[in-house]
Every structure is written in C-alpha cells, then in structure tokens.
2 protein chains.
Amino acid sequence: MAERKENSTNSVNRKCIVESNDLSYAIDMVGGRWKLLILVNLEKKKLRFNEIRKAMSSITERMLTLQLRELEADGLISRTVYAEVPPRVEYELTEISTELIPIWKKLCAWGARHRKARA
Amino acid sequence: MAERKENSTNSVNRKCIVESNDLSYAIDMVGGRWKLLILVNLEKKKLRFNEIRKAMSSITERMLTLQLRELEADGLISRTVYAEVPPRVEYELTEISTELIPIWKKLCAWGARHRKARA
DNA sequence: CAGTATCCATTAAGATACTG
DNA sequence: CAGTATCTTAATGGATACTG
C-alpha cells in the first residue's frame, strides 16, 4: 500500500492470481477494510475529505488518504480540487464504481441474513 | 488469522466496524486473497484437500489450511472426515455460501468490464 | 492424504506531529 | 482544509520440514 516491494513472492503471487481471474481482480480493487465503506459513503453525494472522515469515525487521516489515492488510481472515484482558500477537494463515484452499487447492496443483504442465521 | 492479539487497537477497530455494518461483516467473512477463490472451486462439486490445492496452484498448504478453518468456522463450508486409511476429507459449500454464488458472478462480470475499460 | 509446526518476510494499520 | 511525514505495532503470507 505504502511502499510495496515489487518482487516479493507475495506480490508476484498476488499479481498472477489477479491477472488470471476477474473475481480476484475485483476483490483486489475493492477489498480491504475501508474501500467499499468509502464508496458507500459517496453513494448519495460527493463529499469532501473531512466529511468522509467524519462519516467513518474510526479511520485515521493517513488511512483515508491512502485508500482514496488507491481508489482514484483504480478509477473508482474522481477527485476534484477547487482553487479556493481554504482549499476544497471533492470526491465522487465514477461510472464504473456506480455499477458496483447493486452488487454491494446484495452483499450487504447477504451479510445481514448470514449474521442473523448465526445469532 | 494465526495468533491475533485480541486487544490491539486494530482488532478493536475491526470488530466495531464489522459489528455496526452488514457490508463490512460480509467483507470480513469472505475477503482476503483466497476465500472466495476457494468457494468458487467448490461451486461445482465437493473437493478434497489436495484437489483444492491443485486447483489453486499458488496457495501453500499452510494458507489453505488456515483459510479452510476460517471458512468452516464461519459456516461457509462444511468439512466431512471419512474414517478411512488413507484419510479422506471432503469440503463442500453450505446453504449460506451457495447464496453467495450469484453475487460473486456479478462481481466477476464487473471485474471483467472494469479491466477491459482500462486496458 | 491431510494436515502441523516453526521461523521469517512482507504488508497493513495506527498514533502523533506537522504543513501549504 | 486537506493532507504529509515518521515511527511503531499488528497481522498476513510464505518456505520448509515434519507427523498421525
């Protein structure tokens, strides 16, 4: 995430799984603790850095920055900087991540069912 | 996964996110590099340890064991031991993980679209 | 066959302080 | 406001050898 050794076995392993399989590719893109959560928060409307932060109370600034950068690099969010003082930066979903909405809704429903079943 | 300190900030953080949110709960259950991949392999039919291993060429025995244990603990696969020599153990999907199939198919399709869009 | 055990490498996550 | 920088700990992943 931060600095990744390109040639660790781990990286190579990951790369080759991801390349050979669309599912892994998707998970790689959106997996982890924070990414989908960030996207969910952006579903209704575009948000500014601190708005996202407040919406996800337990994330640190550092983590939020890192995750936003990766999401941006993967084309899942867009970042718009307004040349104002104080600075304003807005994040919003892109077309491709919008397509993900129905999928995470289903996953969410599944999670609820599953949780209930084990309670 | 292996030995987790129960009271690290990280664990606490994770626990509380997972508890408050069905989506995170679902991701926690099925996220990571290997879990969905294992489930996918079990979709068509039940498999033995080494069959899964061969199907996922790059996983190590240790990782496979760990992931299978977690999946079992979460009720996503069932494990049947046959009292034979040599030992035979079969893994198969449970009802709740079967419900996941249409979801991962969609995710897979999304991954393919996304990948294409950026190629 | 179906795993365990051990030890080490890599990566993710967090606290805190600071800046344009 | 919207981040960086730095340092530290925790968690995950892997190689290899071994066992009931």
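Lettering follows sequence order; numbering is per chain, from 1.
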Exercise for the section: State plainly whether the residues A:Lys105 and A:Glu43 are in salt-bridge range, i.e. N to O under 4.0 Å. Expected result: yes
Practice task
State the dot-bracket string of DNA chain D. Criteria: Watson-Crick or G-U wobble, both atom distances under 3.5 angstrom; notation: ( ) intrastrand, [ ] crossing earlier pairs, | interstrand, . unpaired.
Solution key: ||||||||||||||||||||
Exercise for the section: Between B:Ile59 and A:Arg79, name the one whose nearest nucleotide on DNA chain D is closer to the 5' end. Expected result: A:Arg79
Problem - N/O (side chain, A:Gln67) to phosphate O (OP1/OP2, C:dA12) under 4.0 Å - result: no
Exercise for the section: Kindly say if A:Asn13 contacts the phosphate of D:dG14, meaning a side-chain N or O under 4.0 Å from OP1 or OP2. Expected result: yes
Practice task
Look at the side-chain N and O atoms of B:Tyr91 and state whether any lies under 4.0 Å from the OP1 or OP2 oxygen of C:dC1.
Solution key: no
Problem - Qualifying residue for side chain to side chain contact (heavy atoms under 4.5 Å, CB included) with A:Lys45, from A:Leu42, A:Asn41, A:Leu47 - result: A:Leu47
Problem - Sugar-phosphate, base or nothing in reach of B:Tyr82, heavy atoms under 4.0 Å - result: nothing
Exercise for the section: May I ask you to say what B:Thr65 touches in the nucleic acid, namely base, sugar-phosphate or nothing, with a heavy-atom cut-off under 4.0 Å? Expected result: base
Fill in the blank from the handout: Whichever of A:Phe49 and B:Asn10 has the more 5' nearest nucleotide on DNA chain D, that residue is A:Phe49
Handout entry: Sugar-phosphate only, base, or nothing, as touched by A:Arg48 at under 4.0 Å among non-hydrogen atoms
Key = sugar-phosphate
Problem - OP1 or OP2 of C:dA2 under 4.0 Å from side-chain N/O of B:Asn50 - result: yes
Practice task
In whole angstrom, give the distance that lies between atom CZ of B:Arg53 and atom P of C:dT4.
Solution key: 14 Å
Practice task
May I ask you to evaluate whether B:Ser8 reaches the phosphate of D:dA11, defined as a side-chain N or O under 4.0 Å from OP1 or OP2?
Solution key: yes
Practice task
Output yes when at least one side-chain N/O atom of A:Arg33 is less than 4.0 Å from OP1 or OP2 of D:dT12, else no.
Solution key: no
Practice task
Ignoring backbone atoms, establish whether A:Arg69 has a side-chain N or O less than 4.0 Å from OP1 or OP2 of D:dT4.
Solution key: yes
Completion exercise
Rounding to 0.5 Å, atoms CD (B:Glu99) and CG (B:Leu76) come to a distance of 11.0 Å
Handout entry: For B:Glu90, side-chain hydrogen bond (donor to acceptor under 3.5 Å, both in side chains) partners two or more places apart
Key = B:Tyr82, B:Arg88
Handout entry: hbond_proxy A:Arg62 side chain to C:dA13 base (donor-acceptor, 3.5 Å cutoff)
Key = yes
Handout entry: Phosphate-side-chain proximity, A:Thr60 and C:dT16, N/O vs OP1/OP2 below 4.0 Å
Key = no
